[in-house]
Structure formats: structure tokens, C-alpha cells
Amino acid sequence: MLAFTHTAAGCAFALLVAEYLHASPSQAILIVAGGILGSHLPDIDHPKSAFGSRVKPLSIPLSAIFGHRGITHSLLAVVGMYGLIWWVFNVVHWQRGYAVPVVVGVAVGYLSHLLGDWMTNSGVPLLWPSKRRFVAPLKLCTGDLREYVLAFAMYGWSVMDCVRVFHTI
Ligand SMILES: [Zn+2]
């Protein structure tokens, strides 16, 4: 799935969660920012991905050891990421009022990435180290017309939702 689509999904799902949690506008912005960041994190295992190309000292060894769509696209990575983020926040004593929405956003974005890759024909190894790939019946090819339609629908919905939320405050 394209980075463009992952960004759309991270933003749309973060907005949905912000609404579900009745987040204030400032909390919603933090959740969406975290959602966009989290939507790219799993591709840290691909040195040519939008995110991996910016952190090559990490992405190159991760790619060499695990390959693309390996551990970072598994349920194990989701659990590990949560533990790591909470540990970092506790060590630096970040104000929880700001940290929690960001952590929620990153988690939602991360999950939206796995959901997006699950919808492609390559699937995701949710039960890594098992090599079994889980694939949704939709089986999108990365960059095909259906992906663009999906991405633009999510961007459109996100913009309309932001206009609606900020118009009412
Ligand atoms: Zn991915």
C-alpha cells in the first residue's frame, strides 16, 4: 500500500477515535498527528519506504534481518510498540495530558497500517514468526485504481469531518 494511502488511513481512523473518545480539539490534533506518524511506523523495515528512507540506520538492518512485512507487521510488534512508547513516556516524565492522545494516535495509526497492508494481495504475517500471510478478500494491488479511490474517500471524509468539528467550536 502506498504511503499516500497509509497517511489517509491514519488520519481518518485517528479522527474516528478522537470522536469516539470525545476528545477536545487540541487532543484531536495530537491524536491525528500521532495517527499519521503511526501509520508509517511499520514500514521502518523497508529502506525505500517513505518512513524507512528517513531512518536508514534503522531500516537497513531491520530489512536485512527480518525483511519487509516481517516482525513490524505482526501482532508482536503492536504489543512491543505499546510497551516501548509507555516506557519512553515514563522515563522522560512527559506530561500525560499530552502524551496519552499522541500514544493513542500512534497506536491507531499503526493498526490502520496493518489493516491497509492486510487488504493488499501480499497480506501481513500477523502471527510472525509464522510465515503465514493473512490477506483480506479484497486483495488490492499496491497503487491500483481501487487504492486511489479508497485513499481519496478517506481524505475527503477526513476534511469534511475536520470542517464539521472545527465549525461547531
Ligand atoms: Zn507496510
Side-chain angles (χ1 to χ4, degrees), residues 1-18 20 29-89 101-159 161:
M1 192 158 261
L2 299 169
F4 174 79
T5 313
H6 283 308
T7 302
C11 189
F13 279 95
L15 280 167
L16 279 173
V17 168
Y20 176 76
I29 290 168
L30 292 171
I31 293 172
V32 170
I36 292 171
L37 172 66
S39 73
H40 292 279
L41 278 181
D43 280 347
I44 196 171
D45 65 358
H46 192 321
K48 291 184 178 171
S49 70
F51 188 69
S53 64
R54 288 172 172 81
V55 288
K56 284 190 175 178
L58 289 173
S59 63
I60 289 173
L62 280 172
S63 174
I65 296 167
F66 301 110
H68 180 45
R69 292 196 185 184
I71 189 171
T72 62
H73 289 66
S74 71
L75 293 177
L76 198 61
V78 174
V79 173
M81 182 197 62
Y82 284 120
L84 180 65
I85 289 170
W86 279 111
W87 179 78
V88 169
F89 280 138
V102 173
V103 171
V104 168
V106 168
V108 170
Y110 202 102
L111 292 173
S112 77
H113 183 110
L114 298 186
L115 181 68
D117 281 355
W118 172 68
M119 292 169 61
T120 66
N121 54 3
S122 299
V124 286
L126 288 177
L127 300 178
W128 187 94
S130 165
K131 292 190 186 306
R132 180 180 172 207
R133 295 276 182 124
F134 290 82
V135 182
L138 196 57
K139 294 185 179 176
L140 292 172
C141 290
T142 298
D144 76 6
L145 180 63
R146 293 177 301 165
E147 180 176 352
Y148 280 101
V149 169
L150 186 65
F152 280 111
M154 289 188 290
Y155 277 119
W157 182 86
S158 296
V159 169
D161 194 56

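Ligands are counted one by one from 1 in listed order, and the atoms in each one are counted from 1 as well. Not measured: the values here are computed from a predicted model. What's counted below: heavy atoms across the whole structure, side chains too, no hydrogens, waters or symmetry copies.
Counting only N and O atoms by type, the side chains of Ser63 and His46 include no donor and acceptor under 3.5 Å apart. A donor atom on one side chain and an acceptor atom on the other are found under 3.5 Å apart for His113 and His73.
Using a 4.0 Å cut-off between charged nitrogen and carboxylate oxygen, Asp117 and Arg69 count as a salt-bridge pair.
Phe51 and Leu37 get closest at one heavy-atom pair: CE1-CD1, 4.2 Å.
When rounded to 10 degrees, the angle formed at the Zn ion (ligand 1) by OD2 (Asp117) and NE2 (His113) equals 90°. Around the Zn ion (ligand 1), the two atoms NE2 of His73 and OD1 of Asp43 are separated by an angle of 90°, to 10 degrees.
Because the distance cut-off is set at 2.8 Å, Asp45 fails to qualify as a neighbour of the Zn ion (ligand 1), as none of its N, O or S atoms comes that close.
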